[in-house]
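Notes to accompany the following structure.
In this text, all values refer to a predicted model and were calculated from it rather than measured experimentally. Quick note: residue numbers are just sequence positions, from 1. All heavy atoms count here, side chains included; hydrogens, waters and symmetry mates do not.
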Amino acid sequence: MRLVALDVKGTGGQEREQEAVLEIALVPIVDWRPDPAAAFTTLLNPGRPIPRRSWIAPGLTDLALRSAPRLGDLHAALARRVNGNHVVGYDLTTQWPLLRRWCPHLAPAGLIDTLQLARMVDPTHRNNLPAVIRQLHLTGTVDELSVSLPGRALWDAMGAAALLGALAVPVLGPEVSVEELIAVAGASPDRRERRLMRTAAPVPISGVTAGSAPAHPGRERTRF
C-alpha cells in the first residue's frame with residue numbers, strides 16, 4: 001500500500017469554518033523513508049488578507065501568498081497524490097478536517113497519525129513535532145531532507161515521514177505492516193476524533209534508533 005506524508009498550514013482553528021489553508025506539503029514514503037525528490041509543496045493564496053498571528057509560521061505573509069495558486073486550482077494535483085493512498089501526518093486529526101473541508105473530493109485509503117505512535121513511546125507527548133524530532137535525534141536528518149524550517153509544511157511533512165520510519169519498528173516490531181499501523185495509529189478520514197490507542201504499555205524511547213527504517217525481508221515494499 002502506498003504511503004504519503006501530509007502537512008497543512010492554516011490561519012488557525014479559532015476561525016472555525018472560515019479557516020483558510022496557507023500552505024501544503026505532500027511527501028511520498030518509499031521503503032519507510034521520505035522521498036524528497038518526489039515531494040510536492042506550495043504556498044496557497046487564501047483570497048483575503050491574513051492577520052498577524054504568533055502561530056502562523058514566518059514567511060506566510062500576504063506578500064508571499066499573493067502570487068501563490070488558489071487551493072481550488074490544485075484539486076487534481078492533490079487528488080493524484082492522496083486518493084487511494086494512506087496519508088501519514090503528525091496530529092492529522094487537526095489537519096485533515098481543514099483540508100477535507102475545502103477539498104471534499106480527496107479520498108485516501110486511510111490516515112496514520114504519527115502523534116499516536118509518538119505517544120506510545122512517551123505518553124506525555126503533546127503536539128510539538130520539533131520537540132519529538134529533537135528527542136529522537138532526527139533534526140539534522142529532517143533539516144537536510146526538507147531544506148526548510150520547523151513550522152513550515154515541507155519540514156513538518158518530512159518530520160512526520162521520518163517519525164514513521166523511526167517509530168514503526170520499536171512500537172510494532174520488525175515485521176510491521178500498514179494494517180498494523182492502521183490498527184494502532186489509524187484515524188477515519190471522515191471523523192475528527194482520534195481512535196484510542198490499543199497498546200497500554202509505553203515503549204522505551206531509548207529503544208528507538210534515530211533515522212533508522214525497518215527492514216521487511218520477504219515483504220512487498222511500501223511505495224508511493
Side-chain angles (χ1 to χ4, degrees), residues 2-12 19-46 50 53-71 73-82 85-96 98-100 102-103 106 108 111-115 117-118 127-134 136-167 210-211 213 223-224:
R2 294 177 176 179
L3 300 171
V4 58
L6 166 73
D7 195 83
V8 178
K9 301 304 177 190
T11 52
E19 182 179 5
V21 180
L22 304 179
E23 188 178 32
I24 189 169
L26 289 154
V27 180
I29 299 173
V30 181
D31 294 336
W32 306 96
R33 296 178 185 274
D35 181 6
F40 171 85
T41 186
T42 183
L43 299 175
L44 294 163
N45 184 345
I50 301 302
R53 291 178 174 139
S54 60
W55 56 84
I56 294 180
L60 301 184
T61 63
D62 285 337
L63 181 61
L65 299 173
R66 190 176 302 158
S67 59
R70 299 290 183 94
L71 183 56
D73 297 331
L74 298 177
H75 281 184
L78 296 178
R80 286 196 303 270
R81 293 167 170 85
V82 169
N85 298 329
H86 279 90
V87 172
V88 176
Y90 192 83
D91 199 13
L92 267 182
T93 52
T94 63
Q95 298 184 57
W96 179 254
L98 171 60
L99 183 59
R100 185 66 177 271
W102 298 109
C103 301
L106 296 181
L111 306 179
I112 298 172
D113 196 335
T114 54
L115 174 58
L117 287 177
N127 60 351
N128 190 329
L129 175 61
V132 179
I133 293 293
R134 285 195 301 271
L136 294 175
H137 308 292
L138 291 168
T139 302
T141 298
V142 177
D143 285 346
E144 183 177 354
L145 288 172
S146 66
V147 195
S148 183
L149 296 172
R152 294 296 298 267
L154 182 59
W155 195 97
D156 288 5
M158 287 290 185
L163 276 184
L164 183 71
L167 294 176
R223 293 189 178 275
F224 180 78

So does [Y] get a backbone contact from the side chain of [X], meaning a donor-acceptor N/O pair under 3.5 Å?
X: Thr114; Y: Gly89; result: yes
X: Asp113; Y: Leu115; result: yes
X: Thr42; Y: Pro69; result: no
X: Thr11; Y: Ala20; result: yes
X: Thr61; Y: Ala64; result: yes
X: Asp62; Y: Ile50; result: yes

Residue pair [X] / [Y], side-chain heavy-atom distance below 4.5 Å:
X: Pro28; Y: Phe40; value: no
X: Val82; Y: Leu99; value: no
X: Leu65; Y: Pro46; value: yes
X: Thr139; Y: Pro130; value: no
X: Val132; Y: Tyr90; value: yes
X: Leu43; Y: Leu22; value: no
X: Asp91; Y: Thr93; value: yes
X: Ile24; Y: Thr41; value: no

- Message: Please list all pairs meeting side chain to side chain donor-acceptor pair (under 3.5 Å) that have one or both residues in residues 145-154, counting only residues at least two apart or in different chains.
- Response: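 Of all non-adjacent pairs touching residues 145-154, those that pass side chain to side chain donor-acceptor pair (under 3.5 Å) are Glu23-Arg152.
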- Item | side chain to side chain donor-acceptor pair (under 3.5 Å) partners for Asp143, two or more places apart |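 Here the qualifying residues are Trp155.
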What is the distance from atom [atom1] of [X] to atom [atom2] of [Y], rounded to the nearest 0.5 Å?
X: Asn85; Y: Leu26; atom1: CG; atom2: CG; result: 9.5 Å
X: Leu164; Y: His86; atom1: CG; atom2: NE2; result: 11.5 Å
X: Leu74; Y: Arg81; atom1: CG; atom2: CZ; result: 9.0 Å
X: Leu129; Y: Arg134; atom1: CG; atom2: CZ; result: 9.5 Å
X: Cys103; Y: Leu71; atom1: SG; atom2: CG; result: 4.0 Å
X: Leu163; Y: Met158; atom1: CG; atom2: CE; result: 13.5 Å

- Of all residues at least two apart in sequence or in a different chain, which pass the side chain to side chain contact (heavy atoms under 4.5 Å, CB included) check with Ala161?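 By the side chain to side chain contact (heavy atoms under 4.5 Å, CB included) rule, Ala161 matches Ala5, Ile29, Pro34.
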- Message: List the residues meeting side chain to side chain contact (heavy atoms under 4.5 Å, CB included) with Asp7, not counting sequence neighbours, and say none if there are none.
- Response: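 Residues passing side chain to side chain contact (heavy atoms under 4.5 Å, CB included) with Asp7: Lys9, Gln95, Ala153, Asp156, Ala157.
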- Might you work through the side-chain contact (heavy atoms from CB on, under 4.5 Å) test for Leu92 and Leu6, ending with a clear yes or no? CA-CA 8 Å; Leu92 267 182; Leu6 166 73; 4.1 Å; yes
